[in-house]
Amino acid sequence: MTTSHVIYDDAPLRDRVKNALADDFKHNAIKTAQDTIVGNRNKCAAADPLWEDLRWEAAYIRNHVLENLDYYIREFATNAQAAGAQVHFAPTAEDAVECALDIFEEVKATSCVKSKSMVTEEIGLNEYLEEHGVHAIETDCAENILQTAGSKPSHIVVPALHFNRDSIRDLYREKKGYAGSNSPEEITKFLRSNLREEFLAAKVGVTGCNFGVAETGSCTLVTNEGNARMAVTVPETQIVVMGAERIVPDLRSLDTLVTLLVPSAVGSKITSSFQVNTGAAKDGEADGPKNVHIIMVNNGRSDILAGEFRDMLRCIRCGACMNNCPVYRHITGHGYGSIYPGPMGVVLTPLLEGYENTDKLPYACSLCGACDDMCPVRVPLHELIHQHKINLVEENHPGVPERAAFDMAGKVLGNRRLYDLATGSGALGLKILGGSYGALGASTAWIPVLRGWTSSRDMDLLADVRFRDWFRKHDAVAPELDEQGRSVADRAEEARKASQEGGARA
């Protein structure tokens, strides 16, 4: 496996999970975030009698766009250009970052202020610009923490969950000369004072796009801080990087999706900052960019659209699925090794990177379906993950030991004599291993294959006597019949029907 921009940790899944399970702070942070966000989300949903109807409407809107994506991309691009923006189409991640660099060279800029964006993480924009002498300054508080620390996100909405106030204080003391306390307010004030100079000096601002509105050619931003607004209004040039599927037909559709997005993402009724940006600044306007460039990124989305995982393109990147996921709760975002963690990442990462780099990732899921319950656009995540598992088996991706084990199991289960021999000797062997404990537990975690279960839970032993052997030693007893030839079960059924008929007449 090779590390990509999407997969930042190419260690085996088992090793990543082991490291994550050993980090108690991450567990507590994830647990607190999940409980808080899901609790508040559920309150918002309960207070809105139309919540479930809105989810169905949102799913319909996203499906409608995907079924007519070529039309809506054309409409969006036409209206965006009419409003003064330049629209660039990037088939691959490489095309997207090269396009962005061309814009920087055109305006002779060597730095930019940047708001939080998952698609720029996906294409590796920051790293590419840095390699070519352009410094991208993350202005979102959490993203700035990650950039300063050289760390990767643990969540797509609250990416710095794995930092606490003490570690943030120490980080800024070491890297930026911060001399204050661990107070979040004081740290935020320090960060804002540093970033204000960057905003005022920046020639270029880079943002993502939550939704592009085809009807108006607008790009929308839903954020919890005002940094994105500064990145849009102060620099003369704005670069918007958006996934080609992130389009809604009109402002009414936008209203439906944003109504669901904010509670699903952070458990709030409304967000701190919401903006609809349409084209370049007009003559006489006090602020806004003179030049707007919109880079629409494909990067494999056309292939997804044409395949069996099409429903994944409905995703609006709210993070609700991971907020409700028991696996994410335990292995944390870094256990997945991808910028897209949780259930949505388990589906999306293999689609972007291929099974050869992600063949174990779909098994970081219990298929409990908790993610489906939360998704505001009803993406059938656990069904898609199950499909990944089916594909992996059909394409012979399981490792050699796993294939050998299942081949042997198939031979044993398909042969009566081998089955009898295996279950008979297996019961004795397991009884010896279980000893006085009466089950296979942590002490047997050294056993190949079984250790995946016994390292963290108990496994019952096989019974000393198989049912088929017990049954063979016992004669079948005919049921006792009354004078009319009825059994006890027959008489009970007749009594039940009579009782029902009597109740109906009454």
Side-chain angles (χ1 to χ4, degrees), residues 1 6-21 23 26-27 30-31 33-35 37-38 118 152-157 161 264 304 307-399 402 405-406 449 451-453 455-457:
M1 181 187 297
V6 175
I7 302 173
Y8 57 80
D9 187 349
D10 59 4
L13 175 64
R14 185 183 299 274
D15 293 345
R16 295 198 306 267
V17 170
K18 182 178 179 180
N19 292 335
L21 291 175
D23 194 327
K26 283 185 181 180
H27 293 150
I30 296 293
K31 177 179 182 297
Q34 282 189 322
D35 291 346
I37 294 174
V38 172
M118 288 307 302
K152 291 296 183 179
S154 53
H155 193 285
I156 64 171
V157 176
L161 271 178
S264 299
I304 299 173
E308 59 192 338
F309 294 94
R310 175 179 183 160
D311 287 343
M312 187 59 213
L313 292 181
R314 293 211 301 260
C315 176
I316 59 175
R317 306 296 193 271
C318 66
C321 58
M322 60 194 72
N323 294 339
N324 206 41
C325 176
V327 175
Y328 176 84
R329 191 181 189 98
H330 289 285
I331 73 173
T332 75
H334 291 144
Y336 298 86
S338 168
I339 63 167
Y340 294 122
M344 61 83 64
V346 172
V347 177
L348 187 58
T349 303
L351 298 177
L352 296 175
E353 297 298 314
Y355 287 140
E356 62 274 9
N357 294 330
T358 60
D359 60 338
K360 299 300 182 185
L361 191 57
Y363 296 100
C365 174
S366 65
L367 298 180
C368 69
C371 47
D372 294 18
D373 294 338
M374 289 289 116
C375 180
V377 291
R378 297 185 182 275
V379 177
L381 289 161
H382 88 283
E383 293 179 11
L384 298 180
I385 295 171
H386 185 228
Q387 187 60 49
H388 272 317
K389 294 183 178 184
I390 293 173
N391 293 352
L392 285 167
V393 173
E394 291 180 345
E395 296 179 20
N396 292 319
H397 276 279
E402 186 176 351
F406 277 101
V449 181
R451 64 186 172 200
W453 183 277
S455 61
S456 58
R457 57 180 73 82

Minimum heavy-atom separation for [X] and [Y], please, with both atom names.
X	Y	result
Thr349	Ser338	OG1-OG, 2.9 Å
Pro362	Ile385	O-CG2, 3.5 Å
Ser366	Val327	N-CG2, 4.0 Å
His155	Val157	ND1-N, 2.9 Å
Tyr8	Gly333	OH-O, 3.9 Å
Pro376	Ser264	CB-OG, 3.5 Å

Using modelled atom types only, decide if a donor and an acceptor are shared between the side chain of [X] and the backbone of [Y] within a distance under 3.5 Å.
X	Y	answer
Arg317	Ile156	no
Asn323	Gly319	yes
Asp372	Leu381	yes

I need the [X] [atom1] to [Y] [atom2] distance, nearest 0.5 Å.
X	Y	atom1	atom2	result
Met344	Cys371	CE	SG	11.5 Å
Arg329	Asn324	CZ	CG	9.5 Å
Asp23	Ile331	CG	CD1	13.0 Å
Thr358	Tyr363	OG1	OH	11.0 Å
Glu356	Glu395	CD	CD	9.5 Å
Asp359	Lys389	CG	NZ	13.0 Å

If you define the side chain from C-beta out and look only at heavy atoms, does anything of [X] sit under 4.5 Å from [Y]?
X	Y	value
Leu161	Thr332	no
Cys315	Val377	no
Val393	Phe406	no
Pro380	Arg314	yes
Leu384	Met312	yes
Tyr328	Val346	no
Pro12	Lys360	no

Given His334 and Arg16, is the side chain to side chain contact (heavy atoms under 4.5 Å, CB included) satisfied, shown in steps?
CA-CA 7 Å; His334 291 144; Arg16 295 198 306 267; over 6 Å; no

May I ask you to check whether His397 and Asn391 show a side-chain donor-acceptor distance below 3.5 Å?
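No, because no side-chain N or O of His397 sits under 3.5 Å from a partner of the opposite role on Asn391.
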
How about Arg457: does its CZ atom have over 12 heavy atoms from other parts shown lying under 6.0 Å from it?
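Atom CZ in Arg457 is packed in, count exceeds 12.
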
Using the six-membered ring wherever Trp is involved, compare the ring planes of Phe309 and His388 and label them parallel, tilted or perpendicular (cut-offs 30° and 60°).
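Aromatic pair Phe309/His388 classed parallel.
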
